[in-house]
Structures are given as structure tokens and as C-alpha cells.
Amino acid sequence: MALTALGAYVLTILWTARVSVSSSRIFPAGDFVGMGQYERLFRNARWLLSLENLAIYGLLFIAACLVLGFLLAVFIDQKVMAEGTLRTVFLYPYAMSFVATGLVWQWILNPELGIQGVARRLGFEDFTFDWIVQQDKVLFTVVIATVWQASGLVMALLLSGLRGIDDELWKAARIDGIPAWRVYASIVLPMLWPSVSTALILLFVMVVKLFDAVVAMTQGGPGTASEVPAKFIMDYLFGRANIGLASAASIVLLLTVLAIVAPLYYARGKAVQRGQQ
């Protein structure tokens with residue numbers, strides 16, 4: 001079963017790579033045009049905008065998830081009351097699909113029905129929160145929605161790492177009078193690197209796969225302000241019937257994932273080995 005799945009995956013990648021160097025449009029073509037599709041791809045303004053949007057989104061999303069997830073993990077690690085309930089509440093959004101998350105946040109951020117509409121009906125007539133219809137701010141709304149969904153996963157990963165730290169470390173720090181923030185910054189965070197690297201890999205994969213939330217919330221708009229590579233690929237694959245260009249974009253994304261995830265995975269493996277020695 002595993003070999004069948006692996007074989008199908010590898011063959012799919014090879015087929016996509018083959019189509020990306022052909023002149024395929026509606027149907028696959030057997031000719032060879034070299035890097036022509038890739039040259040067209042990187043001359044496409046919409047593709048370049050989608051890469052820029054993805055880079056901005058990725059930096060904000062990953063940073064916010066790591067910070068918020070770490071703070072939530074530290075909070076729960078203090079042996080708070082109803083710990084099990086809080087863990088469930090914080091992790092529950094991750095169980096939702098990105099489509100459901102997008103639709104919920106589309107309603108929350110709707111200028112007429114959401115936060116802005118409610119605030120104005122309560123008497124705050126000058127209150128404005130219409131980022132979802134502003135071209136220069138719409139990407140931040142996608143960040144807000146997806147951070148809300150994914151930060152619980154980071155919390156769970158980092159909490160498991162925090163629970164693996166010996167209590168004697170904290171006792172020694174208290175005896176020496178070392179502030180808690182310094183213990184976290186200088187000792188705890190380096191010890192959490194295996195958990196942090198796992199979170200980084202998962203978050204980066206979520207960034208590259210970003211599609212459902214964008215389609216549900218903004219449809220890539222206003223205009224193309226929230227366009228992302230996955231939506232570009234799906235539009236050219238099904239909407240514009242250009243499988244050659246869509247395949248070239250898919251291979252570019254795959255190579256980007258490998259270039260970033262492989263070093264992280266290698267570093268994580270080394271950290272785990274050092275921890276076992």
C-alpha cells in the first residue's frame with residue numbers, strides 16, 4: 001500500500017514536470033518547448049503578485065502563530081484551572097476546515113454585518129473596520145483568520161516540549177534569582193527547537209497550500225489583491241484551460257517547499273540526535 005501511494009505520488013510529480021516543458025493547453029501535448037512555460041510564468045504579472053502576497057502572508061502568519069502559540073503554551077503550562085478545557089478550546093479551530101474558517105471570518109469582517117456593522121449599531125457611527133474590502137489591507141484579514149485557526153496547533157506542539165523540561169531547572173532558576181523571561185529566552189526556547197522546527201515545517205506547508213481560506217473569504221480580491229499561487233494554479237488549470245502553465249507553477253512551488261523544508265527537517269533531525277546523546 002505504501003509503495004503504491006509513493007509510486008503514484010512520484011509518477012504524478014514526473015508527469016507534471018513533463019507537462020510543464022510542453023506546449024499543453026486544454027489537453028497534454030507530447031512536444032518539448034524547454035523552459036518556455038517557466039519563462040511565460042515569470043513574465044506573468046499575476047503570478048509575480050501571487051508570490052509577493054504569499055511571501056508577505058507567510059512571514060506574518062508564521063511569526064504570529066509562533067508567538068501566539070508559545071504564549072498560549074506558556075500560559076497553560078502554569079497548571080491553570082480547567083487546563084483540559086482550555087487546551088480543547090484553543091485547539092478546536094484547527095479541527096475546522098479552512099473553508100469554514102474563511103466563511104466565518106468573512107461574515108465577522110463584513111462591513112455591513114460584522115464587527116463594523118455591530119459597532120455602528122451600538123452607537124459608534126465613526127467606527128471603521130473594512131479591511132476585507134481594502135486592497136492594501138485585505139491580506140491582513142486572511143492572516144487574522146488563519147492565525148486564529150493554526151495557533152492552537154503550535155500551542156499543542158510547544159506545550160508538549162515544555163512538559164518535557166525538568167522541573168529542577170525552574171527550581172534552580174528561582175534559587176539563583178533568574179527572571180522567568182530570561183529562563184525562557186536563554187534556556188527554554190533553545191531546548192524547544194525540535195518542537196519549534198516541527199511547527200515551522202507544518203506552518204510553511206500551510207502557507208504554500210493556502211487556497212481554501214482565500215477563496216472562501218475574498219475570491220482573491222478585491223481585484224487580485226489577495227491572489228496566491230495555489231489559486232493562480234487552480235484558475236489556470238480549470239478556468240483558463242492552460243495545464244502547461246499551471247504545471248510549471250506547481251513545479252516551482254514544489255521546488256520552493258523542498259528548498260525550505262529540507263534544511264529545516266535536517267536541522268530538526270540533528271537536534272533530536274543531540275538530545276538523545
Side-chain angles (χ1 to χ4, degrees), residues 25-26 37-38 40-65 93-94 96-121 124-151 203-254 256-257:
R25 295 284 298 184
I26 299 177
Q37 296 285 12
Y38 294 91
R40 289 182 56 209
L41 180 67
F42 282 96
R43 289 199 304 266
N44 190 307
R46 184 178 169 190
W47 170 251
L48 296 177
L49 175 63
S50 73
L51 291 179
E52 180 182 343
N53 286 341
L54 191 69
I56 295 171
Y57 167 83
L59 289 173
L60 295 175
F61 170 75
I62 291 175
C65 282
Y94 185 68
M96 298 174 61
S97 71
F98 278 104
V99 172
T101 297
L103 291 174
V104 168
W105 280 93
Q106 181 195 54
W107 181 85
I108 292 174
L109 298 170
N110 186 295
E112 299 298 327
L113 303 174
I115 296 174
Q116 176 178 297
V118 171
R120 291 187 176 183
R121 283 192 290 272
F124 302 95
E125 297 181 359
D126 295 329
F127 180 83
T128 301
F129 189 48
D130 58 353
W131 288 8
I132 200 168
V133 296
Q134 298 292 330
Q135 287 192 338
D136 58 339
K137 295 184 178 69
V138 64
L139 202 59
F140 300 125
T141 65
V142 181
V143 172
I144 292 170
T146 50
V147 166
W148 173 80
Q149 181 170 23
S151 56
L203 292 174
F204 182 76
V205 171
M206 290 181 197
V207 169
V208 174
K209 290 169 56 180
L210 179 65
F211 172 75
D212 297 352
V214 168
V215 172
M217 289 181 67
T218 68
Q219 288 290 328
T224 57
S226 56
E227 181 79 8
V228 291
K231 186 175 182 300
F232 176 94
I233 292 170
M234 297 300 287
D235 285 351
Y236 272 80
L237 184 61
F238 296 108
R240 302 196 179 193
N242 191 335
I243 64 173
L245 195 65
S247 297
S250 300
I251 294 298
V252 169
L253 277 189
L254 175 63
T256 303
V257 170

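Quick note: numbers below take in every heavy atom, side chains included, and nothing from hydrogens, waters or symmetry partners. Index from 1, following the sequence.
Proximity of Asp235 to Glu227: side-chain heavy atoms (C-beta onward) are separated by under 4.5 Å at one or more points. Counting heavy atoms from C-beta outward, Asn53 and Lys231 have side chains that stay 4.5 Å or more apart. Residues Pro93 and Thr101 have side chains not in contact (no heavy-atom distance under 4.5 Å, counting atoms from C-beta outward). Taking the side chain as every heavy atom from C-beta outward, Val228 and Phe211 never approach each other to under 4.5 Å. For the pair Gln134 and Phe140, the minimum side-chain heavy-atom distance is 4.5 Å or more.
In this structure, Phe129 and Phe127 have tilted ring planes: the angle between them lies in the 30° to 60° band.
Atom CG of Leu41 is separated from atom CG of Leu51 by 7.5 Å, given to the nearest 0.5 angstrom. Between Leu254 atom CG and Ser250 atom OG the span is 9.0 Å, to the nearest 0.5 Å. Of the inter-residue distances, the one linking Ser97 atom OG with Gln149 atom CD reads 7.5 Å to the nearest 0.5 angstrom. Annotation: the span from Tyr57 atom OH to Ile62 atom CD1 amounts to 9.0 Å, rounded to 0.5 Å. Atoms OG and CG, from Ser50 and Leu253 in turn, are 8.0 Å apart once rounded to the nearest 0.5 Å. Separating the CD1 atom in Ile115 from the CH2 atom in Trp105 is a distance of 6.5 Å, to the nearest 0.5 Å.
Between the side chain of Ser226 and the backbone N or O of Gly221 there is at least one donor-acceptor pair closer than 3.5 Å.
Here the closest heavy-atom approach between residue Leu210 and residue Ala213 is recorded as CD1-CB, 4.2 Å. When all heavy atoms of Met217 and Ala145 are compared, the closest pair comes out as SD-CB, 3.7 Å. The two residues Thr218 and Ile132 make their nearest non-hydrogen contact at CG2-CG1, 4.2 Å. Nearest heavy-atom pair across Ala225 and Gln135 is CB-O, 3.5 Å.
Applying the side-chain contact (heavy atoms from CB on, under 4.5 Å) criterion to Asn44, with sequence neighbours excluded, gives Arg46, Trp47, Phe232, Tyr236, Leu245. Every residue was checked against the side-chain hydrogen bond (donor to acceptor under 3.5 Å, both in side chains) condition with Thr141, not counting sequence neighbours, and none meets it.
Screening Ile56, Val207, Val142 for a side-chain contact (heavy atoms from CB on, under 4.5 Å) involving Phe61 leaves a single residue, Val207.
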> Given Gln37 and Ile251, is the side-chain contact (heavy atoms from CB on, under 4.5 Å) satisfied, shown in steps?
Replying inline: CA-CA 11 Å; Gln37 296 285 12; Ile251 294 298; over 6 Å; no
>> Working note: Arg120 + Thr128, criterion side-chain contact (heavy atoms from CB on, under 4.5 Å); need CA distance, chi angles, decisive distance, verdict.
In response: CA-CA 9 Å; Arg120 291 187 176 183; Thr128 301; 3.3 Å; yes
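The salt bridge (Lys or Arg N to Asp or Glu O under 4.0 Å) contacts involving residues 124-141 comprise nothing, where partners must be two or more places apart or lie in separate chains.
The number of heavy-atom neighbours closer than 6.0 Å to OH of Tyr38, taken from other residues, nucleotides and ligands shown, is above 12.
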